[in-house]
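What's counted below: heavy atoms across the whole structure, side chains too, no hydrogens, waters or symmetry copies.
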Amino acid sequence: MWMASLCLALAIAGTRPHPASAQEPPPSTDTVTFTLTGEIVDGLIDAPVIAAVIKVPALRRFAFTDVSGRFHFPDFPEGTWEIIVEHLGYNTVEGTVTVAEGNGLYLRMTPNPVALEGLEVMTRSDRLLAERRQRFPFRVTRISPTILANAINADPTAIFRRNSMSYISACPTPPSRATDWMTPDCVMKAGGAARIQIYLDEFPMAGGMIHLSAMPKEMIHSMDWIPETAQLRVYTKAFIERLDEGAYSLEPLIW
């Protein structure tokens, strides 16, 4: 997913109607807060972008734009924050902004049209997984069925590392675990190495990267990678079929 530039403009907060937003508990009373408002528009035609999701990972919060392309975050703390804006058919907007009482965000998204051969119907599993990604405050990198099918290397762990857009490395381990270099299972973050938790069809995969590397890639439908929480969600084709048949529903991702 390509990243577009982030444009910031000042706007008076609280002067327009707003959509509902998902919220964490308000910051402490010592923090200066205000209502952060903003507007998302199409960068080519200046039309409102409806149902775009605006994420603030550090605060674990997100909001959606309304029919006017506007959004709001109540009890938002002043300061500098990473902002991520996502919408199907647009390049992701990502950047760091400084906000305070009396200003807001004006963001332009660049269309990223996908060429399709004929019409493609969104399945129940596509819809459920897309909705769950949207309602999660962190960036989710999707490793699609097409990526898996076209991968030359048959090792699922190698496909994950190549497409994760993260620095994956071996975890600090005792000398007895000499094979770790072949299946690195930590993501390097600002706070140090975090061990990757792998979930196979919604259940923890006890063997981690070693067991994942032994799976035939033909069994796997897709993967969702969440670097901020070091979670790799792996979905088998059989699980996706059961989702499409209505046999299962999906629980929200926990953060």
Side-chain angles (χ1 to χ4, degrees), residues 1-4 6-8 13 18-28 31-40 49-66 69-100 104-107 109 126-143 164-167 187-191 194-199 202 204 222-235 249-255:
M1 181 178 293
W2 298 100
M3 292 187 291
L6 181 66
C7 303
L8 171 63
H18 311 292
S21 63
Q23 303 176 36
E24 287 286 302
S28 68
T31 303
V32 177
T33 64
F34 66 106
T35 297
L36 175 65
T37 63
E39 184 176 358
I40 311 295
V49 178
I50 303 170
V53 58
I54 302 90
K55 300 181 178 182
V56 189
L59 298 178
R60 301 186 175 190
R61 297 179 66 177
F62 64 91
F64 290 92
T65 54
D66 62 13
R70 302 184 184 108
F71 66 91
H72 84 302
F73 286 98
D75 299 313
F76 199 89
E78 293 184 344
T80 301
W81 307 100
E82 179 191 13
I83 303 288
I84 300 171
V85 185
E86 299 173 341
H87 195 288
L88 183 65
Y90 288 88
N91 293 313
T92 296
V93 177
E94 183 175 7
T96 301
V97 297
T98 299
V99 294
L105 298 177
Y106 179 81
L107 309 174
M109 301 192 78
D126 289 336
R127 176 178 57 80
L128 291 175
L129 288 169
E131 289 176 351
R132 185 162 76 167
R133 289 185 207 103
Q134 278 196 321
R135 296 184 177 278
F136 193 63
F138 303 118
R139 181 192 304 103
V140 180
T141 299
R142 182 172 184 252
I143 302 175
S164 67
M165 295 185 289
S166 302
Y167 180 28
V187 58
M188 305 307 294
K189 303 169 64 175
R195 188 173 297 276
I196 297 170
Q197 298 176 320
I198 303 179
Y199 292 81
E202 304 295 276
S222 57
M223 305 181 193
D224 281 343
W225 166 235
I226 311 165
E228 282 82 359
T229 58
Q231 286 186 48
L232 177 62
R233 319 288 298 204
V234 180
Y235 309 107
S249 59
L250 291 176
E251 294 293 327
L253 293 175
I254 298 175
W255 67 89

**Student:** Closest approach of Arg61 and Pro137, non-hydrogen atoms and distance?
**Tutor:** N-CB, 3.6 Å

**Student:** Write down the atom of Ile196, the atom of Val187, and the distance for their closest heavy-atom approach.
**Tutor:** CG1-N, 4.0 Å

**Student:** When you compare the side chain of His87 with that of Phe64, does any pair of heavy atoms fall below 4.5 Å?
**Tutor:** no

**Student:** Taking the side chain as every heavy atom from C-beta outward, state whether Arg139 and Met165 have any atom pair closer than 4.5 Å.
**Tutor:**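 No - every pair of side-chain heavy atoms lies 4.5 Å or more apart.
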
**Student:** Which value, rounded to the nearest 0.5 Å, describes the distance between Tyr199 atom OH and Asp224 atom CG?
**Tutor:**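 Between Tyr199 OH and Asp224 CG, I get 13.5 Å after rounding to 0.5 Å.
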
**Student:** Quick check: does any side chain N or O of Arg132 sit under 3.5 Å from a backbone N or O of Glu251, one acting as donor and the other as acceptor?
**Tutor:** yes

**Student:** Rounded to the nearest 0.5 Å, how far apart are CZ of Phe138 and CD of Gln231?
**Tutor:** 9.5 Å

**Student:** Output the distance between atom CD (Glu78) and atom OG1 (Thr98), rounded to the nearest 0.5 Å.
**Tutor:** 11.0 Å

**Student:** What's the separation between atom CD in Glu86 and atom CD in Glu94, rounded to the nearest 0.5 Å?
**Tutor:**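 One finds 8.5 Å between CD of Glu86 and CD of Glu94.
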
**Student:** Would you name the heavy atoms of Val93 and Met109 that are closest together and state the gap between them?
**Tutor:**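 Heavy atoms of Val93 and Met109 come nearest at CG2-CG, 3.8 Å.
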
**Student:** Which heavy atom of Pro77 sits nearest a heavy atom of Val99, and at what distance?
**Tutor:** O-CG2, 4.4 Å

**Student:** Is any side-chain heavy atom of Arg70 closer than 4.5 Å to one of His72?
**Tutor:** no

**Student:** I need the minimum non-hydrogen distance between Lys189 and Ala194, along with the two atoms involved.
**Tutor:**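 So the minimum-distance heavy-atom pair works out to CD-CB, 4.0 Å.
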
**Student:** Taking Lys55 for the side chain and Phe62 for the main chain, is one N or O donor matched with an acceptor at less than 3.5 Å?
**Tutor:**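 Absent.
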
**Student:** Roughly how far, to the nearest 0.5 Å, is the CG atom of Leu232 from the CD1 atom of Ile198?
**Tutor:**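 Between Ile198 CD1 and Leu232 CG, I get 5.5 Å after rounding to 0.5 Å.
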
**Student:** Test Thr65 against every option in Ile40, Val53, Val85, Leu107 by the side chain to side chain contact (heavy atoms under 4.5 Å, CB included) rule and name the one that passes.
**Tutor:** Ile40

**Student:** Any chance CG of Leu250 has more than 12 other-residue heavy atoms, nucleotides or ligands included, within less than 6.0 Å?
**Tutor:**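 It does: Leu250 CG has more than 12 such atoms within range.
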
**Student:** For residues Leu129 and Arg142, determine if any side-chain heavy atom of one lies less than 4.5 Å from a side-chain heavy atom of the other.
**Tutor:**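 No. Closest side-chain heavy atoms not under 4.5 Å.
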
**Student:** Might you point out which heavy atoms bring Trp225 and Ser166 nearest each other, and give the distance in Å?
**Tutor:**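 Looks like NE1-OG, 2.9 Å.
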
**Student:** What class does the angle between the rings of Phe73 and Phe76 fall in, given that below 30° is parallel, 30 to 60° is tilted and above 60° is perpendicular?
**Tutor:** tilted

